[in-house]
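Some notes on the structure that comes next.
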Amino acid sequence: MSLTPELEKAFNAQITMEYGAAYSYLGMSAWLETQGLPGMASWMRMQSDEETTHGLRLFQFVLDRGGNVELGQIDAPSISLETPLDAFRASLAQEKEVTASINGLYSLVIESKDFSSIPLLDWFVAEQVEEESTVQQIIDDLERGGDGHTVLLIDRELGQRGGTVEA
Ligand SMILES: [Fe+2]
Ligand SMILES: [Fe+2]
């Protein structure tokens with residue numbers, strides 16, 4: 001079964017959103033680097049890379065289903081940051097928007113009885129739980145400490161995020 005035009009549009013919008021998230025994380029990475037926090041900057045950069053892999057998963061899926069990929073416009077990230085905590089709060093807000101969008105896509109898939117899309121969307125649903133939880137933990141840690149020393153400790157810790165980005 002090929003994608004309905006409505007689903008094709010929704011999947012395309014999700015591709016754009018994932019790349020928008022990647023762009024936004026890239027902006028936050030640059031800002032954190034200028035604040036002298038290379039560990040956090042590197043974490044955001046990896047997060048950005050990961051978002052592009054999410055976009056590509058959806059991109060390939062649309063093509064595999066015989067659909068047309070239409071890439072949407074990505075706005076410049078408009079995030080004004082004053083503290084590292086601001087960056088992680090903005091990150092959590094963004095992840096929550098993505099989660100809402102994935103849930104909307106899932107609802108549409110169910111309504112359309114497009115069962116072939118469910119395994120992919122199940123993966124995204126689980127991924128969003130993990131992403132929100134990870135960012136929430138960083139926010140909690142930053143809020144708990146609240147001083148420059150804590151920021152440095154967390155910067156060093158986040159700099160340890162290693163390995164390759166997994167889709
Ligand atoms: Fe994502
Ligand atoms: Fe994400």
Verify the cluster assignment for I138 and L26: are they in a single hydrophobic cluster under the rule of side-chain heavy atoms below 4.5 Å apart? no
Could you tell me whether the side chain of D140 reaches within less than 4.5 Å of the side chain of R144, counting heavy atoms only? yes
Heavy-atom distance under 4.5 Å between the side chains of S2 and R65, does that happen here? no
When rounded to the nearest 0.5 angstrom, what is the spacing between OH in Y25 and CD in E50? 9.0 Å
Qualifying residues under side-chain hydrogen bond (donor to acceptor under 3.5 Å, both in side chains), relative to T99, sequence neighbours excluded: Q128, E132
Does any part of the side chain of L158, heavy atoms only, come nearer than 4.5 Å to the side chain of S42, both counted from C-beta? no
Steps toward side chain to side chain contact (heavy atoms under 4.5 Å, CB included) verdict (M40, V151): CA-CA 9 Å; M40 290 182 179; V151 171; 4.1 Å; yes
Quick check for you: to the nearest 0.5 Å, what is the distance between F115 atom CZ and I110 atom CD1? 7.0 Å
Over all atoms of both residues, closest heavy-atom pair of A22 and S48: O-OG, 2.7 Å
Y106, L120: one ILVMFWY side-chain cluster at the under-4.5 Å cut-off? yes
Would V129 end up clustered with I139 when hydrophobic side chains under 4.5 Å apart are linked, directly or stepwise? no
Carboxylate-amine/guanidinium contact R89 E143, below 4.0 Å: yes
Find the distance between CD1 (I15) and CD (E70) and round it off to the nearest 0.5 Å. 10.5 Å
Nearest heavy atoms of G39 and D155, plus distance in Å: N-OD1, 2.9 Å
Report yes or no: do S117 and D114 form a side-chain donor-acceptor pair below 3.5 Å? yes
Measuring centre to centre across the rings, with the benzene-like ring taken for any Trp, is F88 within less than 6.0 Å of W43? yes
Residue pair F124 / Q14, side-chain heavy-atom distance below 4.5 Å: no
Distance col, row D141:CG vs L153:CG, nearest 0.5 angstrom, shows 10.0 Å
For the CD atom of E95 and the CD atom of Q136, what is their distance to the nearest 0.5 Å? 12.0 Å
Taking every non-hydrogen atom, the tightest pair across S29 and A41: OG-O, 2.7 Å
Among side-chain atoms of T52 and E18, is any donor-acceptor pair under 3.5 angstrom? no
Does any non-hydrogen side-chain atom of S91 lie less than 4.5 Å from one of M28? yes
Given side chain to side chain donor-acceptor pair (under 3.5 Å), test Q73 with T16 step by step and report yes or no. CA-CA 7 Å; Q73 179 158 347; T16 305; over 6 Å; no
N12 side-chain N/O to E8 backbone N/O, donor-acceptor pair under 3.5 Å: yes
Would a 4.5 Å heavy-atom cut-off, applied to side chains only, mark V109 and I118 as touching? yes
Could you check if a side-chain atom of I102 sits within less than 4.5 angstrom of a side-chain atom of W123, using non-hydrogen atoms only? no
Just do the side chain to side chain donor-acceptor pair (under 3.5 Å) check on Q94 and S24 with the steps written out, would you? CA-CA 9 Å; Q94 175 171 276; S24 161; 2.7 Å; yes
Looking only at atom types and distance, does a side-chain atom of S112 sit under 3.5 Å from a main-chain N or O of L108, one as donor and one as acceptor? yes
Please report the interatomic distance CZ(R161) to CE(M46), rounded to the nearest 0.5 Å. 5.0 Å
Please lay out, stage by stage, how L71 and V69 fare under the test side chain to side chain contact (heavy atoms under 4.5 Å, CB included). CA-CA 6 Å; L71 299 177; V69 167; 3.8 Å; yes
